[in-house]
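Index from 1, following the sequence.
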Amino acid sequence: MEISSDEDEDEDEALEKRVRDAAAETLVTWALLPNTADARHRFDDHGSDYLICDVAGRRIRVAQNRARQGELGVTGCCVWDAAVVLARYLEWADDLRVSRTKTQATATVLDAVRGLRCLELGAGCGLAGLAVTLTDRDETLFLLERNARNFAAEHCQDHRPRRSGKMSAAVGTEATCCSPPCARHLDWSEPLELDHPETPFQVILAADCLYSLEGAAALAAVVNALCCEPESAAFGAKVLLSQELRAPEVLESFLEKVIRAFRVSRLPSPPTLEQAAPCVMLYRLQPRCTH
């Protein structure tokens with residue numbers, strides 16, 4: 001679903017239309033959701049210390065901190081469906097690129113991230129963004145670094161995990177990564193402080209980052225600053241967002257705050273999933289400032 005509008009419209013009228021589009025997108029999305037509890041938790045396993053997931057020819061073992069899962073205000077301790085769906089979408093996009101398949105999913109090929117510099121926001125356990133630069137708050141960073149070390153030991157040629165120093169992003173190869181993931185602290189409620197890499201980040205990943213109106217406002221501010229400010233570490237980068245739908249007002253609030261600066265498109269669910277995940281939606285946010 002494309003919810004962007006033409007740039008040649010009057011600015012005020014265009015903005016009003018985009019806000020209406022955000023509300024309409026939210027209403028349609030919720031109307032299509034199944035009214036059953038079993039539509040959720042298709043891939044996650046919060047009763048285990050690890051989640052094992054096969055992605056891009058690798059079997060990834062992701063550590064979870066289920067002891068903290070029930071703590072008020074604590075997120076990112078376990079893998080959720082949205083991370084698995086995003087990882088599989090990236091896998092599908094890369095497979096289409098490699099096979100050069102000419103299908104109705106041609107636009108998906110453009111979302112292949114192999115060889116690009118990627119940054120994940122609110123990475124939690126880090127499944128979707130392993131082998132890129134991962135960011136989250138301090139209380140989650142220990143678990144994120146642990147998964148980065150484990151992933152590096154199993155899948156990367158260079159086994160030294162990175163945390164401090166100048167930020168750089170890992171670039172994947174076919175069988176292994178040429179460098180390990182990098183875990184960094186980034187709290188959306190604090191001033192944005194990211195080292196500017198030699199090459200700006202080209203893709204930003206975010207999986208299951210929308211829980212509250214305050215969080216939606218903070219995430220919108222971060223992606224606007226990263227993608228739309230010329231001196232940022234990710235100027236011009238597109239955002240691939242995977243979100244499990246819980247509260248309609250949160251998604252609507254986020255879309256309203258980004259739709260002025262981004263062209264927002266709904267993405268198809270990857271056909272490689274073992275079962276459908278109807279409560280998880282995928283979006284591409286393409287900055288308008290680069291067009």
Side-chain angles (χ1 to χ4, degrees), residues 3-4 7 11 14-15 18 22 76 86 90 93 110-124 126 128-138 140-141 144 148 162-172 179-210 214-243 253-265 267 282-291:
I3 61 173
S4 58
E7 291 182 319
E11 184 177 355
L15 178 57
R18 291 168 194 162
L86 179 56
L90 298 176
L110 302 177
D111 292 330
V113 299
R114 189 183 297 274
L116 302 182
R117 294 187 178 274
C118 303
L119 176 73
E120 183 174 9
L121 301 175
L130 282 170
V132 302
T133 299
L134 309 157
T135 65
D136 213 320
R137 298 180 300 182
D138 276 335
T140 312
L141 204 57
L144 193 55
R162 295 167 291 141
R163 179 178 182 180
S164 58
K166 190 170 184 178
M167 178 185 294
S168 59
V171 180
S179 59
C182 172
R184 292 293 303 270
H185 167 264
L186 179 61
D187 190 326
W188 306 340
S189 65
E190 300 173 356
L192 185 61
E193 294 183 0
L194 289 178
D195 297 333
H196 201 299
E198 294 180 5
T199 302
F201 295 107
Q202 297 158 290
V203 180
I204 292 177
L205 307 175
D208 224 6
C209 290
L210 297 173
E214 294 79 7
L219 179 61
V222 168
V223 298
N224 273 299
L226 281 172
C227 302
C228 301
E229 294 182 4
E231 299 303 319
S232 77
F235 177 65
K238 66 181 172 185
V239 181
L240 297 177
L241 172 72
S242 179
Q243 182 62 38
S253 175
F254 174 77
L255 291 176
E256 287 179 355
K257 288 176 172 60
V258 299
I259 209 166
R260 179 199 290 264
F262 292 85
R263 295 184 179 276
V264 182
S265 302
L267 303 176
L282 290 161
Y283 293 94
R284 180 195 301 115
L285 283 63
Q286 191 73 45
R288 296 175 183 273
C289 59
T290 59
H291 295 277

Problem set entry | Close side-chain approach of Cys228 to Phe262, heavy-atom, < 4.5 Å | yes
For this session: Specify the closest pair of heavy atoms between Cys227 and Cys289, including all atoms of both residues, with the distance to one decimal.
Result: O-SG, 3.7 Å
For this session: Check each of Leu219, Val258, Leu285 against Asn224 using the side chain to side chain contact (heavy atoms under 4.5 Å, CB included) test, and report the only one that passes.
Result: Val258
For this session: Before giving the answer on side chain to side chain contact (heavy atoms under 4.5 Å, CB included), spell out for Val223 and Leu241 the whole-Å C-alpha distance, their side-chain angles and the decisive distance to 0.1 Å.
Result: CA-CA 11 Å; Val223 298; Leu241 172 72; over 6 Å; no
Seminar exercise, completed: In short, side-chain hydrogen bond (donor to acceptor under 3.5 Å, both in side chains) pairs touching residues 200-210 with sequence neighbours left out are Asp208-Gln243, Asp208-Arg246
Exercise. Would Leu86 and Leu282 count as a side chain to side chain contact (heavy atoms under 4.5 Å, CB included) if you check the C-alpha gap in whole Å, the side-chain angles of each, and the deciding distance to 0.1 Å?
Worked result: CA-CA 8 Å; Leu86 179 56; Leu282 290 161; 4.2 Å; yes
Seminar exercise, completed: Heavy atoms of Arg288 and Arg260 approach each other most closely as CD-O, 3.1 Å
Exercise. When you look at Ile204 and Val222, which way does the side chain to side chain contact (heavy atoms under 4.5 Å, CB included) test go after all the steps?
Worked result: CA-CA 11 Å; Ile204 292 177; Val222 168; over 6 Å; no
Exercise. What closest approach, in Å, do Lys257 and Ala220 show between heavy atoms, and which atom pair accounts for it?
Worked result: CB-CB, 3.6 Å
Exercise. For Ala112, which residues count as a side-chain contact (heavy atoms from CB on, under 4.5 Å) partner, sequence neighbours excluded?
Worked result: Ala93, Asp94, Arg97
Problem set entry | All salt bridge (charged side-chain N to carboxylate O under 4.0 Å, His left out) counterparts of Lys238, not counting sequence neighbours | Asp111
Exercise. Has the side chain of Ser242 got a donor or acceptor atom that lies under 3.5 Å from a matching backbone atom of Ala207?
Worked result: no
For this session: State, with a plain yes or no, whether a side-chain heavy atom of Leu90 is found less than 4.5 Å away from one of Leu205.
Result: yes
Exercise. Do Leu267 and Leu240 come within less than 4.5 Å of each other through their side chains, counting heavy atoms only?
Worked result: yes
Problem set entry | Nearest heavy-atom neighbours spanning Leu210 and Ala216 | CD2-CA, 3.7 Å
Exercise. How long is the span from the CD atom in Glu214 to the OG atom in Ser253, to the nearest 0.5 Å?
Worked result: 9.0 Å
